S.K.: 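Shown below is the structure under consideration.
Scope of the values below: all heavy atoms of this structure, side chains included, with no hydrogens, waters or symmetry mates. Note that this is a predicted model, so its numbers are computed, not measured.
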Amino acid sequence: MTVSTLDRGILAENKKNQREKLIELLTTAYWMEIETVMSYITNSVNPDGIRAQEIKQALEADIQEELGHAQELASRIKELWGIVPGSMEFKPSQKSLQPPEKQTDIVHVVKGVIDAERGAIDFYNRIIDFCDGVDLVTQDMVIAILRDEEGHLRLFEGFLRELEA
Ligand SMILES: [Fe+2]
Ligand SMILES: [Fe+2]
């Protein structure tokens with residue numbers, strides 16, 4: 001019996017180049033999510049003071065969502081015949097989410113989160129654009145993730161409004 005070949009969609013034989021580019025984008029997004037998990041654990045524990053409590057709780061809840069995003073991205077990389085990288089390939093980049101000098105400096109944390117979420121939103125929009133007419137399954141998955149990030153951004157923008165009022 002001969003096995004049929006796929007000629008439509010991202011798994012088609014002639015889509016190799018697009019598939020490889022997409023795996024690259026998904027891998028970058030995967031690392032961004034992993035780093036966000038690290039940064040949110042840090043910032044859900046370190047901050048001190050009354051005003052820090054809501055922020056810490058919100059970050060604690062987001063850790064699970066960001067972890068879920070990383071897992072979804074990893075699965076999709078595999079489905080596209082890619083390989084999820086090992087930890088030795090990790091390179092950090094979230095400068096704005098490093099702990100502040102004073103642990104009561106909650107504005108620093110909130111601004112760092114806003115920065116990270118904006119970066120994620122920007123990058124997910126890039127993936128969505130790339131997927132247009134190329135891979136609607138990945139696009140659909142990333143649109144759902146993007147909505148979560150837009151929700152996170154909105155929540156932390158609200159925190160910043162109050163802190164700066
Ligand atoms: Fe995320
Ligand atoms: Fe997020």
S.K.: Counting only heavy atoms not in Glu54, do more than 12 sit closer than 6.0 Å to its CD atom?
M.R.: no

S.K.: Are side-chain heavy atoms of Glu101 and Asp105 found at a separation under 4.5 Å?
M.R.: no

S.K.: Do the side chain of Ser44 and the main chain of Ile41 share a donor and acceptor less than 3.5 angstrom apart?
M.R.: yes

S.K.: Is any side-chain heavy atom of Arg154 closer than 4.5 Å to one of Glu117?
M.R.: no

S.K.: Checking the side chain of Glu35 only, and the main-chain atoms of Ser93 only, is there a donor and an acceptor separated by less than 3.5 Å?
M.R.: yes

S.K.: Can you confirm whether Cys131 sits close enough to Leu22 that some side-chain heavy atom of one is under 4.5 Å from a side-chain heavy atom of the other?
M.R.: yes

S.K.: Walk me through it: do Glu13 and Thr5 pass the test side chain to side chain donor-acceptor pair (under 3.5 Å)?
M.R.: CA-CA 7 Å; Glu13 204 119 5; Thr5 53; 5.0 Å; no

S.K.: Which pair of heavy atoms, one from Arg126 and one from Leu25, lies closest together, and at what distance?
M.R.: NH2-CD2, 3.9 Å

S.K.: Does any N or O in the side chain of Arg19 come within less than 3.5 Å of the main-chain N or O of Ala12, such that one atom is a donor and the other an acceptor?
M.R.: yes

S.K.: Looking at Glu72 and Arg76, does any basic side-chain N land under 4.0 Å from a carboxylate oxygen?
M.R.: no

S.K.: Are side-chain heavy atoms of Trp31 and Pro85 found at a separation under 4.5 Å?
M.R.: yes

S.K.: Within the structure provided, determine whether Pro47 and Ile55 are in side-chain contact (heavy-atom separation under 4.5 Å).
M.R.: no

S.K.: Show, in sequence, the C-alpha distance, side-chain angles and deciding distance for Ile121 and Glu150, and conclude whether the side-chain contact (heavy atoms from CB on, under 4.5 Å) test is met.
M.R.: CA-CA 7 Å; Ile121 287 168; Glu150 287 176 345; 3.9 Å; yes

S.K.: Answer yes or no: is there a donor N or O on one side and an acceptor on the other, between the side chain of Gln53 and the main chain of Gly49, under 3.5 Å?
M.R.: yes

S.K.: Quick check for you: to the nearest 0.5 Å, what is the distance between Arg51 atom CZ and Ile106 atom CD1?
M.R.: 8.0 Å

S.K.: Please name the pair of heavy atoms, one in Ala70 and one in Tyr30, separated by the smallest distance, quoted to 0.1 Å.
M.R.: O-CD1, 3.4 Å

S.K.: Could you go step by step and tell me if Asn46 and Val109 meet the side-chain contact (heavy atoms from CB on, under 4.5 Å) rule?
M.R.: CA-CA 10 Å; Asn46 281 338; Val109 173; over 6 Å; no

S.K.: Please determine whether a side-chain nitrogen of the Lys or Arg among Lys111 and Glu164 lies less than 4.0 Å from a carboxylate oxygen of the Asp or Glu.
M.R.: yes

S.K.: Can Thr36 and Glu66 be counted as having a side-chain donor-acceptor contact under 3.5 angstrom?
M.R.: no

S.K.: Is there a side-chain contact between Met141 and Leu73 in this structure, where contact means two heavy atoms from C-beta onward sitting under 4.5 Å apart?
M.R.: yes

S.K.: Given Val113 and Phe159, is the side-chain contact (heavy atoms from CB on, under 4.5 Å) satisfied, shown in steps?
M.R.: CA-CA 11 Å; Val113 172; Phe159 287 142; over 6 Å; no

S.K.: Is there a salt bridge (charged side-chain N to carboxylate O under 4.0 Å, His left out) between Glu20 and Lys16? Walk through the geometry before answering.
M.R.: CA-CA 6 Å; Glu20 276 168 7; Lys16 190 167 186 282; 3.0 Å; yes

S.K.: Can you check whether Gln98's main-chain N or O pairs, donor with acceptor, with His108's side chain at less than 3.5 Å?
M.R.: yes

S.K.: Is it true that Lys15 and Asp7 have a side-chain N and a carboxylate O under 4.0 angstrom from each other?
M.R.: no

S.K.: Test side-chain contact (heavy atoms from CB on, under 4.5 Å) on Ile10 and Val137 and set out the steps.
M.R.: CA-CA 9 Å; Ile10 191 67; Val137 175; over 6 Å; no

S.K.: For a 4.5 angstrom cut-off between non-hydrogen side-chain atoms, does Trp81 reach Ile23?
M.R.: no

S.K.: Taking side chain to side chain contact (heavy atoms under 4.5 Å, CB included) as the criterion, tell me which of Asp115, Thr42, Asn43 meets it with Leu97.
M.R.: Asn43

S.K.: Does some side-chain heavy atom of Val142 sit less than 4.5 Å from a side-chain heavy atom of Asn125?
M.R.: no

